[in-house]
Amino acid sequence: MNTKEYKRKKYPLIRRGIFIRCLTSTFFVGIGGFLLYQWIRGNTAQRIIRFFAILTAPGTTDPEVIYNSIIRNNMTGIIKLYIIFGFLFVGYITYVQVHKYVEDLLSQVENALEETSNLKEVKLSPDLDVFEEKIRQGMELLKRKEKDAQIELQRKNELVMYLAHDIKTPLTSIIGYLNLLLEAEELKEKNRQKYLKIAYDKSLRLEELIQEFFEITRYNLQSMTLSYEEIDVSYMLAQMGEEFYPVLLKDGKTWSVKVPDELKIMGDSNKLARVFQNILKNGIAYGFPGTTVEVLGIDKGEDVWIQCINYGEEIPEYKLESIFEEFYRLDEARSTNTGGSGLGLSIAKRIVELHGGKILAESRDGKTVFTVILPKTK
């Protein structure tokens with residue numbers, strides 16, 4: 001049951017309970033006032049007069065005159081005084097009941113904050129069962145968030161550890177080969193070029209790993225803002241095909257782009273380029289050698305669908321559910337020599353959602369499809 005349903009169905013029960021208690025107390029106060037009025041004016045009046053007669057000396061003021069001047073003539077004031085005290089009594093009862101509710105709620109909230117692992121400890125009075133259930137839900141939510149935060153922190157720490165280790169590896173190689181070049185004065189030119197090439201390649205890898213660290217820092221410390229402009233989707237994807245051509249050629253893969261001409265949307269071109277780069281990079285990395293990576297652009301009226309299709313090993317369902325989470329790496333067995341920081345798809349999802357779109361992934365029958373859905377207008 002959501003919050004609106006609680007307010008509509010449950011909260012009125014509490015208000016009704018307090019109202020009924022107030023109404024009942026007020027009713028009995030009214031009955032008491034009526035009975036007091038009848039009691040003072042009836043046979044009781046004679047008893048009061050006799051009582052005054054006992055208190056006064058013979059020959060002094062008539063007891064009936066004393067009764068009339070003190071009580072009968074002030075009957076309205078007495079009843080008003082009774083009603084005032086009656087309503088004070090009703091207010092006190094209401095205050096005690098509400099105070100009990102608040103005290104009960106506060107004690108259970110304190111227990112919930114201290115003992116988030118034990119949901120059975122939450123126990124309120126039957127009138128507050130709605131709050132009891134809400135506190136339980138809040139405790140469960142806190143527990144889930146705490147667990148998710150621990151998992152995310154663990155992933156991040158593991159990633160930093162992997163990156164630190166892998167930064168050391170190419171750096172050690174670079175130092176080793178450069179030292180060899182310095183010490184081996186009579187080294188053949190062929191070997192010298194070979195060692196320089198290795199040192200250069202290791203330097204490039206080191207630069208990539210350092211960029212991974214900057215990526216983590218930017219992701220955690222910066223908020224994203226969008227600069228909207230008209231984007232030619234067909235042209236953007238065609239450019240990316242040229243960028244990835246060397247990578248495709250290396251594994252004997254081919255590239256197929258089928259996007260309608262002049263398919264345009266409003267968005268941040270730099271950030272959306274990053275989205276497509278991340279998706280296409282994954283499609284190329286996890287496709288089998290010799291297969292074709294397909295990119296489709298589909299005009300859906302108010303929306304545009306861009307799909308990246310690769311043919312390779314299927315992604316299990318349980319991994320598809322986590323693939324867009326921060327620091328999640330599809331292949332945990334891969335080191336950072338081949339894998340990224342686990343932020344690419346997470347950032348892609350965030351960018352797409354900032355544009356008012358969504359990103360989906362499905363994998364079956366040897367085919368994995370990433371679908372980006374974006375509105376045409378801002």
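Fair warning: this is a prediction, and the values are worked out from it, not measured in the lab.
Atom CZ of F244 has more than 12 neighbouring heavy atoms from other residues, nucleotides or ligands inside a 6.0 Å radius. With a 6.0 Å radius and a threshold of 12 heavy atoms from other residues, nucleotides or ligands, Y177 has its OH atom at or below the threshold. For E314, the CD atom is densely surrounded, since the number of other residues' heavy atoms within 6.0 Å is greater than 12.
From K264, atom NZ reaches atom CE of M236 across 12.5 Å, with rounding to the nearest 0.5 Å. Annotation: the span from S269 atom OG to E229 atom CD amounts to 3.5 Å, rounded to 0.5 Å. With rounding to the nearest 0.5 Å, the separation of CD in Q239 from CD in Q277 is 10.0 Å. Rounded to the nearest 0.5 angstrom, I323 CD1 and T368 OG1 are separated by 8.0 Å. If you take OG1 on T377 and OH on Y228, they are separated by 9.0 Å, rounding to the nearest 0.5 Å. I351 CD1 to L226 CG: the interatomic distance, rounded to the nearest 0.5 Å, is 8.0 Å.
H355 contributes no side-chain N or O that, together with a main-chain N or O of I373, makes up a donor-acceptor pair within less than 3.5 Å. Checking side-chain atoms of D365 against main-chain N and O of K367 turns up no donor-acceptor pair under 3.5 Å. Not a single donor-acceptor pair under 3.5 Å links the side chain of T291 to the backbone N or O of G287. In this structure, the side chain of E302 does not engage the main chain of P375 through any donor-acceptor pair within 3.5 Å.
For the side chain to side chain donor-acceptor pair (under 3.5 Å) condition, the pairs that include at least one residue of residues 247-256, sequence neighbours left out, are T254-T292.
Listed here is the closest heavy atom pair of A199 and L178: CB-CD2, 4.5 Å. The nearest pair of heavy atoms linking C308 to G283 is SG-CA, 4.4 Å. Summarising the geometry of L263 relative to I298, their closest heavy-atom pair is CD2-N, 4.4 Å, with the distance given to 0.1 Å. Between P260 and G297, the shortest heavy-atom contact is CD-O, 3.0 Å.
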**Message:** Assess the residue pair I284 and N310 against the criterion (side-chain contact (heavy atoms from CB on, under 4.5 Å)); give the C-alpha distance rounded to whole Å, side-chain angles, the decisive distance to 0.1 Å, and a yes or no.
**Reply:** CA-CA 7 Å; I284 294 170; N310 73 278; over 6 Å; no
Kindly indicate, with the supporting measurements, whether the criterion ring-ring contact (aromatic ring centres under 6.0 Å, His included) is fulfilled by F288 and Y311. CA-CA 6 Å; F288 287 145; Y311 298 88; 9.5 Å; no
Working note: K194 + K190, criterion side-chain contact (heavy atoms from CB on, under 4.5 Å); need CA distance, chi angles, decisive distance, verdict.
CA-CA 6 Å; K194 176 183 176 182; K190 180 179 180 181; 5.9 Å; no
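Linking ILVMFWY residues whenever their side-chain heavy atoms come closer than 4.5 Å, directly or via other members, places L181 and I198 in the same cluster. Hydrophobic clustering keeps V369 apart from V293 (ILVMFWY residues linked when any side-chain heavy atoms are closer than 4.5 Å, directly or through intermediates). Linking ILVMFWY side-chain heavy atoms closer than 4.5 Å, directly or via other members, places L237 and L248 in a single hydrophobic cluster. In the hydrophobic cluster analysis, where Ile, Leu, Val, Met, Phe, Trp and Tyr join through side-chain heavy atoms closer than 4.5 angstrom, L180 is grouped together with L171. Residue F370 is grouped with residue L320 when hydrophobic side chains (ILVMFWY) are merged at heavy-atom distances under 4.5 angstrom, including chains of intermediate members.
Using a 4.5 Å heavy-atom cutoff, the side chains of V259 and L296 are not in contact. Taking the side chain as every heavy atom from C-beta outward, W305 and V372 never approach each other to under 4.5 Å. Between M266 and E230 the shortest side-chain heavy-atom distance falls below 4.5 Å. A 4.5 Å side-chain heavy-atom check between M240 and L280 finds at least one atom pair inside the cut-off. Looking only at side-chain heavy atoms (C-beta outward), L272 and L374 come within less than 4.5 Å of each other.
Between R144 and D148 there is no salt bridge, since none of the side-chain N atoms of the basic residue sits less than 4.0 Å from a carboxylate O of the acidic one. By the 4.0 Å N-to-carboxylate-O rule, R364 lies close enough to E362 to be salt-bridged with it. Of the charged side-chain nitrogens involved, none lies within less than 4.0 Å of a carboxylate oxygen, so that K300 and D303 do not count as a salt-bridged pair.
Side-chain contact of T371 with Q307: a donor-acceptor pair under 3.5 Å is present, judged by distance alone.
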